[in-house]
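Working notes, structure below.
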Amino acid sequence: MAAAPGGSAPPSGPGPRLAFSTADSGIGMSGLNPGPAVPMKDHDAIKLFVGQIPRGLDEQDLKPLFEEFGHIYELTVLKDRLTGLHKGCAFLTYCARDSALKAQSALHEQKTLPGMSRPIQVKPAASEGRGEDRKLFVGMLGKQQGEEDVRRLFQPFGHIEECTVLRSPDGTSKGCAFVKFGSQGEAQAAIQGLHGSRTMTGASSSLVVKLADTDRERALRRMQQMAGQLGAFHPAPLPLGACGAYTTAILQHQAALLAAAQGPGLGQVAAVAAQMQHVAAFSLVAAPLLPTAANASPGGGGPGALPGLPAPMGVNGFGSLTPQTNGQPGSDSIYNNGLSPYPGPEGCNLFIYHLPQEFGDAELIQTFLPFGAVVSAKVFVDRATNQSKCFGFVSFDNPTSAQTAIQAMNGFQIGMKRLKVQLKRPKDANRPY
DNA sequence: TCTCATT
């Protein structure tokens, strides 16, 4: 750790920072009223990601645990957009940066919340400055090697921030691990030094050391798995297309019932269903439960809403969820979702046919986001009825993403239908057939 | 042989 040569000033933070700037706030500045009604956070505060939270715990339950380290500016449990289901993780911002650091070192991997099989995760959120280029995937480990063995192996290459051996629920190693270094250089050095360098006892081939998948790659892989599994299965018995908005729960329930009733052959479906939260898309929203535009009462909270459940969010096309476009004189025949209505460059635009009836812009975006930057997504809607025409388009900012999306999603089976995903033809393309 | 989730 050399002192910075050349005597250059620090790039930011010129000297000690004043705790407050009351410049033009109009708030009393005499210090007589030190307890602000609205909590303020330091400008260098860190947003933390908190993982391995029991699904039963909400913000109020979690607050005491975290308050121990400082004043909380914001704490949000992540919930599924469509179903409102607890995702088992949260974002946490303290007013002070220091509190976040303290919480991280005191809690991260240090304790396990009730009912969880793995320790709590407390670390800067992905949005706080990336760093996936420092994380390595290590394959072809021996089954008997634990975290300590892996650490010993990688220690010579730098500071190890995280080291996790992947295990089955029963605790046996899956023969692979993640190792996160303090810097990209260290990670690269470890790849150079270790990949293929030896064969661990009990492994079938030489050690694998490479950069771990990015989140995007992971999402893509899952999507492909899902497509493959759903495509291979003909779900005649599933009343797809006629269930409720609370997809995940319902789908899981049905899949579980089916699996139980019909034996192990359908077990996969349950696994697939369990992964479908982020593609809630295929959300099989209940036609009968949703009002048609004609009889919807705007602002009424949704006549079709299920009693006792929160109103579904992001379900578009019906009821009051896209009120600003419903029947507005100026509205187009497609939803105004804030994205550019104009297609991207040639080769970047996809047409998607055979969408579920209740599938809207939001679901479309969500479904195709894993393949790249979506610059535009529209479901076409019948002006008169406000009903989806069951086709739409998605535009990416580059042709590769578009091709990837076609590969992964064309033929994706939903209910009795399969999605048709193809490049938008330059002209003459608006015909479903 | 890619966790476990990232508004």
Side-chain angles (χ1 to χ4, degrees), chain A residues 46-59 62 73-93 104 108-109 112-113 115-143 145 147 150 161-180 187 191 194-196 199-200 202-225 248 271 274-280 313-314 362 365-366 369-370:
Chain A
I46 304 168
K47 176 171 281 196
L48 296 172
F49 173 81
V50 182
Q52 296 298 323
I53 301 172
R55 316 255 159 186
L57 299 188
D58 64 17
E59 284 87 351
L62 295 167
Y73 175 73
E74 189 173 37
L75 172 60
T76 316
V77 165
L78 271 59
K79 305 226 168 84
D80 184 88
R81 268 180 59 249
L82 293 170
T83 65
L85 292 179
H86 195 304
K87 291 174 114 166
C89 55
F91 286 113
L92 166 64
T93 310
Q104 181 179 2
H108 180 64
E109 299 256 318
T112 301
L113 266 16
M116 295 289 103
S117 57
R118 304 187 51 228
I120 192 171
Q121 304 290 300
V122 180
K123 56 194 182 186
S127 60
E128 291 295 283
R130 8 80 328 259
E132 284 317 287
D133 42 8
R134 304 152 26 200
K135 190 188 279 185
L136 301 178
F137 171 79
V138 185
M140 288 299 150
L141 289 167
K143 299 276 191 238
Q145 293 184 87
E147 273 80 1
V150 177
E161 275 186 19
E162 254 176 57
C163 173
T164 318
V165 170
L166 275 64
R167 297 176 189 282
S168 311
D170 66 9
T172 60
S173 165
K174 292 168 113 170
C176 57
F178 292 108
V179 173
K180 186 168 178 183
I191 293 174
L194 289 177
H195 180 68
T199 299
M200 310 313 289
S204 56
S205 78
S206 65
L207 192 66
V208 170
V209 181
K210 60 211 279 198
L211 288 177
D213 281 357
T214 63
D215 289 342
R216 178 156 281 175
E217 287 165 326
R218 211 158 59 222
L220 183 54
R221 176 183 293 112
R222 269 189 213 156
M223 194 76 84
Q224 283 167 335
Q225 278 174 358
T248 306
Q275 300 207 13
M276 289 195 72
Q277 302 171 65
H278 67 294
V279 203
M313 297 171 55
I365 293 169
Q366 197 176 13
L369 215 45

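Every chain is numbered from 1 and lettered A, B, ... according to where its sequence line falls, protein lines coming before strand lines.
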Could you check whether [X] gets within reach of a base, just the sugar-phosphate, or nothing at all, counting any heavy atom under 4.0 Å?
X        : result
A:Gly175 : nothing
A:Lys47  : base
A:Lys123 : base

Protein-nucleotide distance ([X], atom [atom1]; [N], atom [atom2]), rounded to Å:
X        : N     : atom1 : atom2 : value
A:Tyr73  : B:dT7 : OH    : P     : 18 Å
A:Lys135 : B:dT6 : NZ    : C1'   : 11 Å
A:Lys87  : B:dT7 : NZ    : C1'   : 8 Å
A:Leu78  : B:dT7 : CG    : P     : 7 Å
A:Glu128 : B:dT6 : CD    : P     : 16 Å
A:Leu92  : B:dT7 : CG    : P     : 16 Å
A:Ile46  : B:dT6 : CD1   : P     : 21 Å
A:Leu141 : B:dC2 : CG    : P     : 13 Å

Are the side chains of A:Leu75 and A:Leu62 in contact, using a 4.5 Å heavy-atom criterion?
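Touching, per the 4.5 Å side-chain cut-off.
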
Find out whether A:Glu162 and A:Val179 are in side-chain contact, i.e. whether some heavy atom of one side chain is under 4.5 Å from a heavy atom of the other.
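A side-chain contact under 4.5 Å is absent here.
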
Going by an N to O cut-off under 4.0 Å, is there a salt bridge joining A:Glu128 and A:Lys123?
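Salt bridge absent between A:Glu128 and A:Lys123.
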
NZ of A:Lys135 to CZ of A:Phe178: how many Å apart, nearest 0.5 Å?
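Nearest 0.5 Å value for the NZ-CZ distance: 6.5 Å.
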
Closest to the side chain of A:Ser127, out of B:dC2, B:dT7, B:dT6, is B:dT7

Looking only at side-chain atoms of A:Thr164, point me to the closest of B:dT7, B:dT6, B:dT3.
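The closest nucleotide is B:dT3.
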
Ring centroids of A:Phe178 and B:dC2 base under 5.5 Å with planes under 30°:
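One would not call A:Phe178 stacked on the B:dC2 base.
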
Could you go step by step and tell me if A:Glu147 and A:Arg167 meet the salt bridge (Lys or Arg N to Asp or Glu O under 4.0 Å) rule?
CA-CA 11 Å; A:Glu147 273 80 1; A:Arg167 297 176 189 282; 3.1 Å; yes

